[in-house]
Amino acid sequence: MHSKCRGALYPLSNIKRLPFPDELVPWLVEFKNYDPPEYESKVLINKPWADPPICDSRFSPKWNQLDGSINRKSHTGLYEVKNQRPLNPAGRTGLKGRGVLGKWGPNHAADPIVTRWKLGENQEKMLNGLLKKPILQFCAIQRRDCGQWALPGGMVDPGEQVSETLKREFMEEALNSLEVSKEQYKRDEEMLKSFFANGTEIYKGYVDDPRNTDNAWMETVAMNFHDDDGKHVGKFNLKAGDDAANVQWMDVSNCLDLYASHSLLLKSVAEHLGAHWA
């Protein structure tokens, strides 16, 4: 059940969501007189990456299918459309409209989870003192909009392959590729080409994102790219860029308070690699 998208205030606004108990989240549960506030950020006006307002007579989306180059299919399966509006497959959020999200319905993202083992002075894997499991580190960025630490992910562009999104977002947010020279960009891209060629899919589906609304929501494909011997990520010249304020290697543990559902994604990676978590 989603919870982060049911906070009191919608991100980057003074809009208050309608509060209600967990048992009323599912659409199948009757909620008489459910009429939450509606919000659509002005930042979406006339943006090429954003859908028009739902009431625009020229806007005729093809729900639950590929709509030209825009993917309106959900990783969760078919979603319901009521009164010409798609309904969040995870249930009510206490807010109508699409908030700051560009697309009505699913907004597709990709999250690269780049990991390495934490090594000691002699290049041995460092172990957790209690459980004696190796400590995993991941490349974390600090978001500019809310200050929370997160994975360096982002939106899948129309017609773009998820594999390209994963590499592009990592380069933009963790290597500051948007501001480097063409020569440096080519070197970074070549360096990442082989490393990002073989990843492990960790998750594909709905994301409990604070930006979600009743009619627009985030979904992601999360892939783990692990450097087992530490010979690849050591060459990464980490530098925050684009939507990131900071970037660093961070120890993986259950104590982290990360953006959206990113902690759950890291838990899956830790379990997959047999690393310390609890």
With no hydrogens and no angle check, just 3.5 Å: does a side-chain donor-acceptor pair link [X] and [Y]?
X    : Y    : answer
S74  : E219 : yes
N224 : T115 : yes
H2   : W217 : no
Q65  : W63  : no
S261 : D208 : no
D111 : Y203 : no

Between M218 and N212, does the side chain to side chain contact (heavy atoms under 4.5 Å, CB included) criterion hold? Intermediate values first, please.
CA-CA 6 Å; M218 291 295 302; N212 292 353; 3.7 Å; yes
Please report the closest heavy-atom contact between V114 and F236, naming both atoms and the distance.
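What the structure gives for the nearest pair is CG1-CE1, 4.2 Å.
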I need the minimum non-hydrogen distance between W104 and G97, along with the two atoms involved.
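Closest pair (atom of W104, atom of G97, distance): CZ3-C, 3.6 Å.
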Check this for me: does any side-chain nitrogen of one of [X] and [Y] sit under 4.0 Å from a carboxylate oxygen of the other?
X    : Y    : answer
D51  : R98  : no
K103 : D67  : no
R168 : E172 : yes
D22  : R6   : yes
E38  : R85  : yes

I need the single residue from F195, F196, F225, F138 that forms a ring pair (Phe, Tyr, Trp, His ring centres under 6.0 Å) with F170. Which is it?
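When ring pair (Phe, Tyr, Trp, His ring centres under 6.0 Å) is applied between F170 and each of F195, F196, F225, F138, only F196 qualifies.
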Examine [X] relative to [Y] and say whether NZ or CZ is less than 6.0 Å from the centre of the six-membered ring and inside a 45° cone about the ring axis.
X    : Y    : result
R116 : W249 : yes
R92  : Y34  : yes
R143 : Y259 : yes

Show your working on salt bridge (charged side-chain N to carboxylate O under 4.0 Å, His left out) between D209 and K4 and close with a plain yes or no.
CA-CA 6 Å; D209 191 290; K4 290 195 174 184; over 6 Å; no
Could you check, using the six-membered ring where one of them is a Trp, whether H226 and H272 have ring centers closer than 6.0 angstrom?
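Centroid separation for H226 and H272: 6.0 Å or greater.
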T93 backbone acceptor or donor facing D214 side chain under 3.5 Å
yes
